[in-house]
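Order of the sequence lines fixes the chain letters, A, B, ..., with proteins taken first and strands second; residue numbering starts at 1 for each chain. Atoms considered below: every heavy atom in the structure, side chains included; atoms not considered: hydrogens, waters and symmetry mates.
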Amino acid sequence: MQKKKGNRLIVLSGPTAVGKTDTSIELAQYLDTVILSADSRQFYSGMKIGTAAPSPKELKAAKHYFIGHLKIGDYYNVSRFEQDALAVLEQEFQKHDQVILTGGSGLYIDALCRGVDEFPDPDPELRADLKKQYQEKGIEWLQEEVQKADPEYFGQVDKKNPNRLLRALEVCLATGKPYSEQRIGNKRERSFDIIYIALNRPREELFERIHLRTDQMLKDGLVEEVNSLAHLRHENALNTVGYKEIFMYLDGEYGLELATEKIKTNTRRYAKRQLTWFRKNPSYHWLHPDQENELYELTKF
RNA sequence: GGUACCAUAGCUCAGUUGGUAGAGCAACGGACUGAAAAUCCGUGUGUCCCUGGUUCAAUUCCAGGUGGUACCA
């Protein structure tokens, strides 16, 4: 008896500016399939220039999901992405053997590929309250609270990272149970296979592309884009490289040249953090974007 | 052409009363479970311009060279 052929998700990730958009579209056309984006900032409409989102022409060249599907200010998180993406996959796998997942948000990629533990959705009021208390009482207070609420997690957590501590405390208070108890990290079984591919370039080449792309964003009207979003400035989506720095420029804190340099520096650092994340997963096949034949060979199915 | 000053990390510079050197920025490594382009942790990576001289020892003092800056011609 012949085993029924399943489906496969092609993860195509890599650091920012490496060339994921071009490569994923070429691959989608070659395989006649669709693309899911795992880019936590390209989710938002209105941030086209600063997030180097695919152009209308590119969006037409291959069907994309999760590009500009949210409004700045919409609440979203990895768990929702996991659910949304699984639903899309179920639908698309009826039509295609393989589907492409591309983007640079490692946590979101992993959420779809391995799953995340179940927690109740955060309570915005509780979160705001805890954050306020942290700002008033400092990190020591946060550390003490987490130590009381969840000594086990406190033993493992990065104690100087307020976000991590706030999250743990929030879950403890909302559920009445220690965070560590609910954070099991079980891998979810998926009904499809996964192949992990990461694009990369020599550091110098990647940085050069980051610099050129940043200059191009400015020419394309990044300042105007950011300015048009000024009323949403406090939203998390705009706590993003390229937006933060231009807000500083608009405030008169930075000259335009300095703001541009800061964007380049912060983008290089972002790329580095992404590489650290992907390197940790030994399943990745690493390719240069020019290695088209190798890519097609890998995605034979 | 002359005089003065300078030459130390990728960059801007500090320093060593002679015992091979350190800040900021940049860079590099890492962490990561509902904020993740976020948030946080760690690490000096060096022919102290070159060649001689003095000295137990020279990046440091002396001479010459080279390069740079300023002023005078």
Peer 1: Work out how far the P atom of rA57(B) is from that of rC25(B), and round it to whole angstrom.
Peer 2: 40 Å

Peer 1: Which part of the nucleic acid, if any, lies within reach of G242(A) when heavy atoms closer than 4.0 Å are counted: base, sugar-phosphate only, or nothing?
Peer 2: nothing

Peer 1: Could you give the distance from CG (N163(A)) to NZ (K131(A)), rounded to the nearest 0.5 Å?
Peer 2: 8.0 Å

Peer 1: Once you round it to whole Å, what is the distance between C1' of rA38(B) and CZ of R41(A)?
Peer 2: 6 Å

Peer 1: In the strands shown, is rA38(B) matched to any nucleotide by a Watson-Crick or G-U wobble pair with both distances under 3.5 Å, and which?
Peer 2: none

Peer 1: Measuring only the P atom in each nucleotide, how far is rU60(B) from rC49(B)? A whole number of Å is fine.
Peer 2: 8 Å

Peer 1: Can you tell me how far apart OG1 (T102(A)) and CD1 (I109(A)) are? Round to the nearest 0.5 Å.
Peer 2: 7.5 Å

Peer 1: Rounded to the nearest angstrom, tell me the gap between atom CG in L166(A) and atom C1' in rC40(B).
Peer 2: 13 Å

Peer 1: Do the side-chain N or O atoms of K160(A) get closer than 4.0 angstrom to the phosphate oxygens (OP1, OP2) of rU39(B)?
Peer 2: no

Peer 1: Can a side chain N or O of N239(A) be found less than 4.0 Å away from OP1 or OP2 on rA36(B)?
Peer 2: no

Peer 1: Using OP1 and OP2 only, check whether a side-chain N or O of Y108(A) sits under 4.0 Å from rA35(B).
Peer 2: no

Peer 1: Rounded to the Å, how far apart are N281(A) CG and rC32(B) P?
Peer 2: 12 Å

Peer 1: Reckon R114(A) has a side-chain N or O less than 4.0 Å from the OP1 or OP2 of rU33(B)?
Peer 2: no

Peer 1: With a 3.5 Å limit on both atom pairs, tell me what rU33(B) is paired to, counting Watson-Crick and G-U wobble, or say none.
Peer 2: none

Peer 1: Using atom C1' in both nucleotides, what's the gap between rU12(B) and rA27(B) to the nearest angstrom?
Peer 2: 15 Å

Peer 1: Before accepting this row, confirm whether a basic side-chain N of the pair D220(A)/K48(A) lies closer than 4.0 Å to the acidic partner's carboxylate O.
Peer 2: no

Peer 1: CZ of R188(A) versus P of rU33(B): gap in Å, rounded?
Peer 2: 15 Å

Peer 1: Work out which heavy atom in E26(A) is nearest to a heavy atom in E292(A); give both atom names and the distance.
Peer 2: OE1-OE2, 2.9 Å

Peer 1: Rounded to the Å, how far apart are D84(A) CG and rG34(B) P?
Peer 2: 17 Å

Peer 1: Does this structure show an ion pair linking D110(A) with K280(A), if we count only N-O contacts that are shorter than 4.0 Å?
Peer 2: no

Peer 1: Does atom NZ (K137(A)) have a neighbourhood of more than 12 heavy atoms from anything else shown, all under 6.0 Å?
Peer 2: yes

Peer 1: Quick one: look up who rU59(B) pairs with, Watson-Crick or G-U, both distances under 3.5 Å, and put none if it's unpaired.
Peer 2: none

Peer 1: Using the P atoms only, state how far rA14(B) lies from rA9(B), rounded to an integer number of Å.
Peer 2: 12 Å

Peer 1: Provide the distance between the two P atoms, one in rU17(B) and one in rG53(B), to the nearest whole Å.
Peer 2: 25 Å

Peer 1: Looking at the side chain of S105(A), which of rA36(B), rC41(B), rG34(B) is the nearest nucleotide?
Peer 2: rA36(B)

Peer 1: Assign Y179(A) to base, sugar-phosphate, or nothing according to its heavy-atom contacts below 4.0 angstrom with the strands shown.
Peer 2: sugar-phosphate

Peer 1: As an exercise, state the distance from CD of E261(A) to NE2 of H211(A), rounded to the nearest 0.5 Å.
Peer 2: 7.5 Å

Peer 1: Check whether more than 12 heavy atoms from other residues, nucleotides or ligands sit under 6.0 Å from atom CD of E204(A), and answer yes or no.
Peer 2: no

Peer 1: Check the pair N239(A), H234(A) against side-chain contact (heavy atoms from CB on, under 4.5 Å), reporting the backbone distance first and the verdict last.
Peer 2: CA-CA 8 Å; N239(A) 182 194; H234(A) 60 282; over 6 Å; no

Peer 1: Find every protein N or O atom lying less than 3.5 Å from an N or O atom of nucleotides 44-46 of chain B, and list the pairs.
Peer 2:
none

Peer 1: Could you tell me which nucleotide pairs with rU17(B) by Watson-Crick or G-U wobble geometry, both distances under 3.5 Å, or answer none if nothing does?
Peer 2: none

Peer 1: Would you mind classifying the nucleic acid contact of N266(A) as base, sugar-phosphate or nothing, using non-hydrogen atoms under 4.0 angstrom?
Peer 2: nothing

Peer 1: For salt bridge (Lys or Arg N to Asp or Glu O under 4.0 Å), just list the numbers for R183(A) and D150(A), CA-CA rounded to whole Å, side-chain angles, deciding distance to a tenth of an Å, and then say yes or no.
Peer 2: CA-CA 12 Å; R183(A) 195 168 153 278; D150(A) 190 347; over 6 Å; no

Peer 1: With the sugar-phosphate defined as primed atoms, P, OP1 and OP2, and the base as all remaining atoms, what B/S/- string results for nucleotides 26-31 of chain B, 5' to 3', for protein heavy atoms under 4.0 Å?
Peer 2: SSBBBB

Peer 1: Can you measure D117(A) atom CG to rC32(B) atom P for me and round it to whole angstrom units?
Peer 2: 14 Å

Peer 1: Using 4.0 Å as the upper bound for N to carboxylate O, is an ion pair formed by K20(A) and D39(A)?
Peer 2: no

Peer 1: Could you classify rG53(B) for me, syn or anti, using a glycosidic angle within 90° of 0 as syn?
Peer 2: anti

Peer 1: Roughly how many Å is it from CD in E261(A) to P in rU12(B), rounded to a whole number?
Peer 2: 15 Å

Peer 1: For a quick check of understanding: with a heavy-atom distance under 4.0 Å over all strands, which category does E204(A) fall into, base, sugar-phosphate or nothing?
Peer 2: nothing

Peer 1: For P162(A) and T16(A), find the nucleotide of RNA chain B closest to each by heavy atoms; which residue's nucleotide sits nearer the 5' end?
Peer 2: T16(A)

Peer 1: Going by purine N1 to pyrimidine N3 plus the second Watson-Crick contact, or the G-U wobble pair, all under 3.5 Å, which nucleotide sits opposite rG44(B)?
Peer 2: none

Peer 1: Could you tell me whether the side chains of E58(A) and H64(A) share a donor-acceptor contact shorter than 3.5 Å?
Peer 2: no

Peer 1: At 4.0 Å (heavy atoms only), tell me whether I263(A) reaches a base, stays on the sugar-phosphate, or touches nothing.
Peer 2: nothing

Peer 1: What does rG24(B) pair with, Watson-Crick or G-U, if both distances are under 3.5 Å?
Peer 2: rC11(B)

Peer 1: How close or far is atom P of rG34(B) from atom CG of L165(A), stated in whole angstroms?
Peer 2: 13 Å

Peer 1: Is it true that E297(A) and K300(A) make a salt bridge, defined as a side-chain N closer than 4.0 Å to a carboxylate O?
Peer 2: yes

Peer 1: The side chain of Y75(A) is closest to which nucleotide in this list: rA38(B), rG34(B), rC41(B)?
Peer 2: rG34(B)

Peer 1: For the C1' atoms, the ones on rU54(B) and on rG18(B), what distance do you get once it is rounded to whole angstrom?
Peer 2: 12 Å

Peer 1: Would you say rG34(B) has OP1 or OP2 under 4.0 Å from some side-chain N or O of N163(A)?
Peer 2: no

Peer 1: Taking the C1' atom of each, how far is rG44(B) from rA26(B), in whole Å?
Peer 2: 13 Å

Peer 1: So T51(A), base contact, sugar-phosphate only, or nothing? Heavy-atom distance under 4.0 Å.
Peer 2: base

Peer 1: What integer number of Å spans the P atoms of rC13(B) and rU3(B)?
Peer 2: 26 Å

Peer 1: Return the nucleotide paired to rG1(B): Watson-Crick means purine N1 to pyrimidine N3 with N6-O4 or O6-N4, wobble means G-U with N1-O2 and O6-N3, both under 3.5 Å.
Peer 2: rC72(B)

